[in-house]
Amino acid sequence: QVKLVESGGGLVQPGGSLKLSCAASGIAVSSGAMDWHRQAPGKERELVATVSTRGSTVYADSVKGRFTISRDNAKNTVYLQMNSLTPKDTAVYYCYSVRTGSWGQGTQVTVSP
């Protein structure tokens, strides 16, 4: 059974940083592409970043240059480093396994003065 558990969300001021973690079990994060998605209130869920099995990355235009997705195969964990946060980044952030179609439960990120 695949389980993805996100952590690291919270309240941060504009311009601040957070690092999200997605700990996986039942699947090796190196065995398939892993995504971070987010869903803001009243909006559809959107793809934020992807890391492929080869380590290549793709980012949404809205986060390019500010967010970094990475993977630690030894810890079986995927990360999302978020810098220069703005209120528009406020959302629930979800980890997603492309290979299995599994979602985590999400972690809330709130950017507010």
Side-chain angles (χ1 to χ4, degrees):
Q1 181 180 1
V2 177
K3 188 174 183 182
L4 304 174
V5 179
E6 300 96 335
S7 61
L11 174 64
V12 64
Q13 292 186 343
S17 298
L18 282 176
K19 186 174 185 178
L20 306 183
S21 299
C22 170
S25 58
I27 184 174
V29 296
S30 59
S31 66
M34 297 291 298
D35 295 351
W36 282 98
H37 295 245
R38 68 185 180 186
Q39 187 166 20
K43 295 188 176 181
E44 294 186 355
R45 193 171 296 189
E46 64 173 352
L47 176 64
V48 175
T50 297
V51 57
S52 73
T53 53
R54 297 182 178 181
S56 60
T57 57
V58 178
Y59 297 93
D61 287 343
S62 59
V63 307
K64 279 181 183 176
R66 301 187 299 121
F67 290 12
T68 303
I69 188 171
S70 61
R71 185 180 62 215
D72 186 328
N73 295 338
K75 294 183 178 180
N76 209 31
T77 299
V78 179
Y79 301 99
L80 186 68
Q81 176 68 47
M82 307 186 295
N83 299 327
S84 302
L85 287 162
T86 76
K88 291 183 178 181
D89 296 314
T90 294
V92 179
Y93 284 72
Y94 298 90
C95 183
Y96 177 70
S97 164
V98 175
R99 178 184 172 191
T100 65
S102 301
W103 292 92
Q105 84 288 350
T107 186
Q108 175 71 48
V109 172
T110 302
V111 185
S112 179

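Residue numbers start at 1 and run along the sequence shown.
- Cluster membership for Y94 and L18, using ILVMFWY side-chain heavy atoms within less than 4.5 angstrom, is not shared.
- The nearest pair of heavy atoms linking T53 to R71 is O-NH2, 3.2 Å.
- The cluster map of Ile, Leu, Val, Met, Phe, Trp and Tyr, joined by side-chain heavy atoms under 4.5 Å apart, puts V92 and V109 in different clusters.
- Once rounded to the nearest 0.5 Å, the distance linking OG1 of T100 with NZ of K3 reads 14.5 Å.
- Annotation: side chain of T86 is not in contact with side chain of P14 (no heavy-atom distance under 4.5 Å).
- Residues W36 and E6 meet the side-chain proximity criterion, which asks for heavy atoms closer than 4.5 Å.
- Nearest heavy-atom pair, V5 versus Q105, reported as atom, atom and distance to 0.1 Å: CA-OE1, 3.7 Å.
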Contacts under 3.5 angstrom, residues 20-33 side chains, donor-acceptor by atom type, not counting sequence neighbours:
| unit_1 | atom_1 | unit_2 | atom_2 | d |
| --- | --- | --- | --- | --- |
| S31 | OG | A28 | O | 2.6 |
| S31 | OG | R99 | NH1 | 2.9 |

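- Atom OG1 in T77 sits 10.5 Å away from atom CG in L4 (nearest 0.5 Å).
- Considering every non-hydrogen atom in both T90 and P41, the closest pair reads O-CD, 4.4 Å.
- Sorted by first then second residue, the salt bridge (Lys or Arg N to Asp or Glu O under 4.0 Å) pairs that include residues 40-57, not counting sequence neighbours, are R38-E46.
- The distance from the NZ atom of K64 to the OG1 atom of T57 is 10.0 Å, given to the nearest 0.5 Å.
- Looking at residues two or more places apart in sequence or on another chain, you find a ring pair (Phe, Tyr, Trp, His ring centres under 6.0 Å) between Y96 and H37, W103.
- At a threshold of 4.5 Å between side-chain heavy atoms, the hydrophobic network of Ile, Leu, Val, Met, Phe, Trp and Tyr places V12 and V63 in one connected group.
- Scanning all heavy atoms of the two residues, the minimum distance from N83 to Q81 falls at OD1-NE2, 2.9 Å.
- Both F67 and M34 are members of a single hydrophobic cluster when ILVMFWY side chains are connected at heavy-atom separations under 4.5 Å.
- D35 is listed as a side-chain neighbour of V98, based on a closest heavy-atom distance under 4.5 Å.
- A heavy-atom distance below 4.5 Å is not found between the side chains of Q108 and L11.
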Query raised in the report: Taking it one step at a time, do T50 and I69 satisfy side-chain contact (heavy atoms from CB on, under 4.5 Å)?
Result: CA-CA 7 Å; T50 297; I69 188 171; 5.5 Å; no
